Each structure stands twice: as C-alpha cells, then as structure tokens.
Amino acid sequence: FTRVLFRSAEALSTIEAGAQEVKERLDAGEPVTMLDVREPSETAGGIIPGAIRIPLGQLQARWEEVKDANEIVCYCAVGARSLQAAHFLREKGIFNATSLDGGMSAWMELGGKVVRPG
C-alpha cells in the first residue's frame, strides 16, 4: 500500500529541473547536490562547481554515494542520460532526484559557472 502511494507521488512530481531555477538555487547557496553522469572525457572540459562525478555506466554500482543527499540534480550533455539517472535513483527510493533539463548546454547558455575537475 505504501509503495502505491510513493508511486503516485513520484508520478505527480516533475523529474526535470529547469537550468535557470537550478542556477538561482545554487547561487542562493541551497543544498542541492549536482550529479554529473557524463564520461571522464566529457567532464575534463569542465563541471558545475561541487558536482559529484559518477558516469551513468557506473551509477548502478555507485548510487549509494549520493543516497543521503537532500536533493539531487543529475546532468549530462543535453539531458538524455541524466533523465535515465534520475529515473534509476527514484527506483532506488531517492525521490528527490531530478534531471537538469537541457544539461550542460542549457547551463552554459545561461552563463552558469563551470570549473575544471580537480
């Protein structure tokens, strides 16, 4: 019965987060965990500051690294892999996982900050 309620809540909650909203929330210092699911060859060009890097292909083995995050916004290049990541995390019970709509492309268009991974 509880699982049915969670599924309904999950279906009602949006899984995509707009880049403008995410940027404003990060700029305001809100505790949003950014999860970069791109490959290392892609992240070498820059990541959103403070992002955790777990390539989508490794997420199944490493998802527990982010299970305690208050809120997770997954992102990739344009939003397709991050949508898969958000769905996967929600299946694992992390209902606060969303996908950055438009990915890094949308982030860069807004002038979002990018840093080289350390």
Side-chain angles (χ1 to χ4, degrees):
F1 178 73
T2 309
R3 191 159 177 86
V4 172
L5 288 177
F6 275 130
R7 287 209 182 278
S8 299
E10 178 186 358
L12 292 174
S13 64
T14 181
I15 197 160
E16 288 189 304
Q20 181 66 46
E21 177 194 347
V22 172
K23 183 180 182 308
E24 289 171 5
R25 294 181 65 207
L26 287 174
D27 288 349
E30 290 189 30
V32 178
T33 299
M34 300 302 294
L35 176 61
D36 193 321
V37 297
R38 298 176 298 160
E39 293 300 316
S41 60
E42 296 172 279
T43 60
I47 63 171
I48 294 173
I52 295 170
R53 292 175 291 153
I54 304 177
L56 183 60
Q58 296 177 20
L59 191 57
Q60 192 163 0
R62 297 177 56 195
W63 70 273
E64 289 186 349
E65 291 175 34
V66 296
K67 72 177 170 51
D68 294 327
N70 184 46
E71 181 180 351
I72 302 170
V73 177
C74 307
Y75 72 93
C76 60
V78 292
R81 287 173 287 175
S82 59
L83 198 53
Q84 292 176 16
H87 277 293
F88 171 77
L89 291 172
R90 285 185 177 201
E91 286 173 7
K92 292 293 186 186
I94 303 170
F95 298 111
N96 56 1
T98 58
S99 170
L100 183 63
D101 191 21
M104 279 299 275
S105 295
W107 183 257
M108 301 291 276
E109 273 181 41
L110 285 173
K113 191 172 180 185
V114 175
V115 296
R116 297 254 180 218

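It should be emphasised that the depicted structure is a prediction, and the values quoted were computed from it without experimental measurement. Starting from 1, each residue takes its place in the sequence as its number.
The distance from the CD atom of Glu65 to the CD atom of Gln58 is 8.5 Å, given to the nearest 0.5 Å. Atom OG of Ser82 and atom CG of Leu59 lie 11.5 Å apart (nearest 0.5 Å). Between the CG atom in Leu35 and the CG atom in Leu100 there is a gap of 11.5 Å [rounded to 0.5 Å]. Taking CD from Gln20 and CG from Asp101, the interatomic distance works out to 12.5 Å, rounded to the nearest 0.5 Å. In this structure, Glu91 CD and Gln60 CD are separated by 9.5 Å, a value rounded to the nearest 0.5 Å. Rounded to the nearest 0.5 angstrom, Leu56 CG and Gln84 CD are separated by 5.5 Å.
What you find for Ala69 and Ile72 is that their closest heavy atoms are CB-CG1, 3.6 Å. Closest of all the heavy-atom pairs between Ser105 and Val78 is OG-CG1, 3.6 Å. In terms of heavy-atom proximity, Leu89 sits nearest to Ala97 at CB-CB, 3.8 Å. Taking both residues in full, the closest heavy atoms of Val73 and Ser99 are given as CG1-C, 4.4 Å, listed atom of the first, atom of the second, then distance. When every heavy atom of Ile48 is checked against every heavy atom of Met34, the shortest pair comes out as CD1-CE, 3.7 Å.
Annotation: side chain of Glu30 is not in contact with side chain of Asn70 (no heavy-atom distance under 4.5 Å). Side-chain contact between Met104 and Arg38: present, with at least one pair of heavy atoms (C-beta onward) separated by less than 4.5 Å. The closest side-chain heavy-atom distance from Leu26 to Lys113 is not below 4.5 Å. Looking at Val115 and Ile47, their side chains come closer than 4.5 Å, going by heavy atoms from C-beta outward. Put simply, the side chain of Arg90 reaches to within 4.5 Å of the side chain of Thr98, judged on heavy atoms. At least one side-chain heavy atom of Asp36 sits less than 4.5 Å from a side-chain heavy atom of Tyr75.
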